Amino acid sequence: MSLHAFVDESRRRDTYLLAAALVEPEKLKKQRTALRGLLMPGQRELHFKKETPQRRRQLLSRLVECGARADVYLATCDRGEERARRTCLTRLTDDLLDVGGTRLLLDSRQVRDEHDLLTIRLALGKRARDTGLVYEHLDSTSDPLLWVADIVAWCHGAGGEWATRVRPIIGSVVDLKNP
């Protein structure tokens with residue numbers, strides 16, 4: 001099965017969360033259209049921490065309805081956030097290859113994007129050409145599917161009601177805190 005992964009991050013105290021929204025190519029257009037339809041007038045993107053609790057509940061309900069799915073990767077930040085991200089991104093890349101993933105799109109962190117590119121290249125190793133995996137960074141306003149990853153990471157990290165509400169969207173949680 002071919003999959004596209006859309007990735008964003010969150011951090012809660014000493015836990016780093018990397019969420020990957022996974023979408024089959026034939027569902028890309030429909031899900032992008034549904035997500036754009038959730039924007040308020042003048043809004044360019046959904047950024048969950050900026051939304052009111054009532055709007056958050058509404059957005060989560062709509063994501064469940066449209067069949068969004070995401071996996072969450074957790075790592076500890078006790079040795080630094082970049083190392084935690086590298087741990088999560090390496091595992092995500094391996095997992096994506098295992099299911100035939102063809103595209104990995106990450107929310108840009110500007111100058112830190114180079115860290116991700118190196119991590120992905122190392123994860124691909126000598127098999128880079130054979131995988132067919134395309135990867136790139138974009139600003140979150142460029143692709144609405146990045147918003148799903150933002151929402152899932154935020155909710156899972158927040159715990160409580162938000163973790164419960166986002167649970168139907170989450171395919172798996174990969175805990176890498178104690179490798």
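Since we're looking at a predicted model, the values are computed, not measured. Counting from 1, the numbers follow the sequence of the chain as shown. All heavy atoms count here, side chains included; hydrogens, waters and symmetry mates do not.
Among residues two or more places apart in sequence or in another chain, the side-chain contact (heavy atoms from CB on, under 4.5 Å) test is passed with A68 by L63, C66, V148, I169.
For Y73 against L176, the heavy-atom pair with the smallest separation is CD2-CD1, 4.4 Å.
In the model, Y16 has no side-chain atom that pairs as donor or acceptor with a side-chain atom of E81 under 3.5 Å. Looking at E51 and Q43, their side chains do bring a donor and an acceptor atom within 3.5 Å of each other. Under 3.5 Å, the side chains of S108 and D113 contain a donor-acceptor pair of N or O atoms. Counting only N and O atoms by type, the side chains of T102 and S2 include a donor and acceptor under 3.5 Å apart. A donor-acceptor pair shorter than 3.5 Å cannot be found between the side chains of D107 and H137.
Separation of atoms CD (E9) and CG (L17) is listed at 9.5 Å; rounding is to 0.5 Å. Note that the CG atom of L106 and the OG atom of S140 stand 12.5 Å from one another [nearest 0.5 Å].
For residues 57-69, every residue pair satisfying the side-chain hydrogen bond (donor to acceptor under 3.5 Å, both in side chains) rule, not counting sequence neighbours, is listed here: R55-Q58, R57-E161, R69-D71.
We find that K30 and E24 are not joined by a salt bridge, their nearest charged nitrogen and carboxylate oxygen being 4.0 Å or further apart.
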Would Y135 and R103 count as a side chain to side chain donor-acceptor pair (under 3.5 Å) if you check the C-alpha gap in whole Å, the side-chain angles of each, and the deciding distance to 0.1 Å? CA-CA 6 Å; Y135 49 95; R103 186 165 186 233; over 6 Å; no

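With L104 as reference, L96 is the one residue of L96, D116, L3 to meet the side chain to side chain contact (heavy atoms under 4.5 Å, CB included) rule.
Here the side chain of R12 pairs a donor or acceptor atom with the backbone of W154 at under 3.5 angstrom.
Looking only at side-chain heavy atoms (C-beta outward), R165 and R56 stay at 4.5 Å or farther from each other.
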